[in-house]
Trainee: 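Please find one structure pasted underneath; my questions will follow.
These numbers come from a predicted model, not from an experiment. Just so you know, ligand 1 is whichever comes first in the structure, and atom 1 is the first atom listed for that ligand. Numbering of residues begins at 1 and proceeds along the displayed sequence.
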Amino acid sequence: MRKLIVAANWKMNKTPEEAGIFVEEIKSGIADANADVYVFPPFLALQTVSDVLKDTDVKVGAQNMYIEDKGAYTGEISADMLQSIGINSVIIGHSERRQIFKESDEMVHAKLIKALSKGMTPILCCGEDLETRENNKFMDFINSQIKSAFADVSESDACKVIIAYEPVWAIGTGKVATGEQAEQVCASIRSTIEEMYSKETADNIHILYGGSCNVGNAKELFSMPDIDGGLIGGAGLKPEFVDIVHCKEK
Ligand code: 13P
């Protein structure tokens, strides 16, 4: 039985001070959830948010990292640096990184391998843009993103990855995928994992949905058989996140 996972990706929002105030406000609400809860603040707020949440089970993760341990990579942050302040989970291959910062499938794959080699929990994002959806090529597209990311990942490492299906057309647009649309893709991702590994790994791996997820639609989405929770953007910056974390309990 897979446990519900609810994660907030804050993207480039909140100063350390704002992050500290907000997380104090929602701390008790997210700490007592019947779910694994993750918060992904910007790098600069990681320490503050970790300090506030240190006596809870809520996990604090990074939104990105680089594939090398150190060196001449201006502007980048390594897994070792993150782990030195107790950060052990990281979002990899978010569509904003792929589209705005031109991260290729190869780079996403290399980051996944690096995170796993460091014992970190990667949240691997995949998802199609509107054109790919309208051309009805989205299933092949997403499954090729998954196959490329998981190439050479061992079965014992594969089930440590959390996959997030985030259709680009649903991110920040208010245009949420229906439960059926999201389920169709998440079920297909699970079949791809079964093909690559085994039924056991496919049954154990967590697959989340992300894209305009909010308190009004989370319960329906999280009740789909192959959707194990959500990666929440805008609504994760608001007190509403507490209600999303608890949505299946009501
Ligand atoms: P929104 O919930 O704001 O659409 O963002 C989703 C997302 O990109 C989470 O990573």
Side-chain angles (χ1 to χ4, degrees), residues 4-14 18-19 22-23 26 30 35-43 45-46 49 58-65 87 89-103 108 111-112 115 120-130 132-133 138 141-142 145-146 149 161-179 181-183 185-186 189 206-222 224 227-247:
L4 179 70
I5 297 179
V6 186
N9 172 13
W10 290 0
K11 310 190 179 184
M12 197 174 72
N13 292 289
K14 297 193 191 292
E18 290 164 347
F22 175 61
V23 90
I26 62 166
I30 59 174
D36 280 341
V37 180
Y38 289 75
V39 179
F40 293 91
F43 290 126
L46 284 171
V49 173
V58 177
K59 294 166 194 67
V60 181
Q63 297 172 19
N64 182 31
M65 64 171 211
I87 302 300
S89 42
V90 60
I91 297 176
I92 286 174
H94 191 279
S95 63
E96 286 148 18
R97 299 241 32 111
R98 293 179 190 257
Q99 293 197 328
I100 305 169
F101 301 100
K102 310 294 175 221
E103 272 187 23
V108 171
K111 288 186 175 186
L112 188 70
M120 296 179 83
T121 300
I123 288 75
L124 170 75
C125 300
C126 61
E128 81 285 4
D129 62 13
L130 189 59
T132 311
R133 159 89 26 190
F138 57 99
F141 178 83
I142 293 154
Q145 282 184 326
I146 294 293
V161 180
I162 299 169
I163 299 171
Y165 166 55
E166 299 204 306
V168 177
W169 48 270
I171 295 179
T173 58
K175 203 172 155 189
V176 66
T178 62
Q181 283 174 322
E183 168 61 19
V185 175
C186 293
I189 294 171
H206 284 83
I207 306 177
L208 314 183
Y209 168 79
S212 297
C213 191
N214 60 34
V215 69
N217 55 38
K219 187 173 182 179
E220 186 203 336
L221 287 158
F222 301 174
M224 291 289 157
I227 302 179
D228 306 315
L231 182 55
I232 320 295
L237 293 162
K238 302 184 207 147
E240 173 184 351
F241 184 60
V242 175
D243 298 319
I244 299 176
V245 161
H246 290 277
C247 71

Trainee: Test side-chain hydrogen bond (donor to acceptor under 3.5 Å, both in side chains) on W10 and Q63; report intermediate values, then the result.
Mentor: CA-CA 8 Å; W10 290 0; Q63 297 172 19; over 6 Å; no
Trainee: Name all pairs fulfilling the side-chain hydrogen bond (donor to acceptor under 3.5 Å, both in side chains) condition that reach into residues 232-247, sequence neighbours left out, sorted by first residue then second.
Mentor: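 Counting only pairs at least two positions apart or across chains, the side-chain hydrogen bond (donor to acceptor under 3.5 Å, both in side chains) contacts touching residues 232-247 are D32-H246, H246-E249.
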Trainee: Could you tell me if the side chain of K102 sits less than 4.5 Å from the side chain of R97, heavy atoms only?
Mentor: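 They are not in contact (no side-chain heavy atoms under 4.5 Å apart), so the answer is no.
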Trainee: Does I87 reach the side chain of M65, with side-chain heavy atoms less than 4.5 Å apart?
Mentor: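 Of all side-chain heavy-atom pairs linking M65 with I87, none is under 4.5 Å.
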Trainee: Is there a side-chain contact between V108 and Q145 (heavy atoms, below 4.5 Å)?
Mentor: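 With C-beta onward as the side chain, the pair stays apart.
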Trainee: Can you tell if the side chain of I5 reaches within under 4.5 Å of the side chain of I162, non-hydrogen atoms only?
Mentor: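 Yes - at least one pair of side-chain heavy atoms lies under 4.5 Å apart.
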Trainee: What are the distances between nitrogen or oxygen atoms of ligand 1 and protein nitrogen or oxygen atoms, counting only those under 3.5 Å?
Mentor:
unit_1: ligand 1; atom_1: 2 (O); unit_2: S212; atom_2: N; d: 3.4
unit_1: ligand 1; atom_1: 2 (O); unit_2: G233; atom_2: N; d: 2.9
unit_1: ligand 1; atom_1: 3 (O); unit_2: G234; atom_2: N; d: 2.8
unit_1: ligand 1; atom_1: 4 (O); unit_2: G172; atom_2: N; d: 2.6
unit_1: ligand 1; atom_1: 4 (O); unit_2: S212; atom_2: N; d: 2.7
unit_1: ligand 1; atom_1: 5 (O); unit_2: K11; atom_2: NZ; d: 3.2
unit_1: ligand 1; atom_1: 8 (O); unit_2: K11; atom_2: NZ; d: 2.8
unit_1: ligand 1; atom_1: 8 (O); unit_2: H94; atom_2: NE2; d: 2.8
unit_1: ligand 1; atom_1: 8 (O); unit_2: E166; atom_2: OE1; d: 3.4
unit_1: ligand 1; atom_1: 10 (O); unit_2: N9; atom_2: ND2; d: 3.0
unit_1: ligand 1; atom_1: 10 (O); unit_2: H94; atom_2: NE2; d: 2.9
unit_1: ligand 1; atom_1: 10 (O); unit_2: E166; atom_2: OE1; d: 3.1
unit_1: ligand 1; atom_1: 10 (O); unit_2: E166; atom_2: OE2; d: 2.9

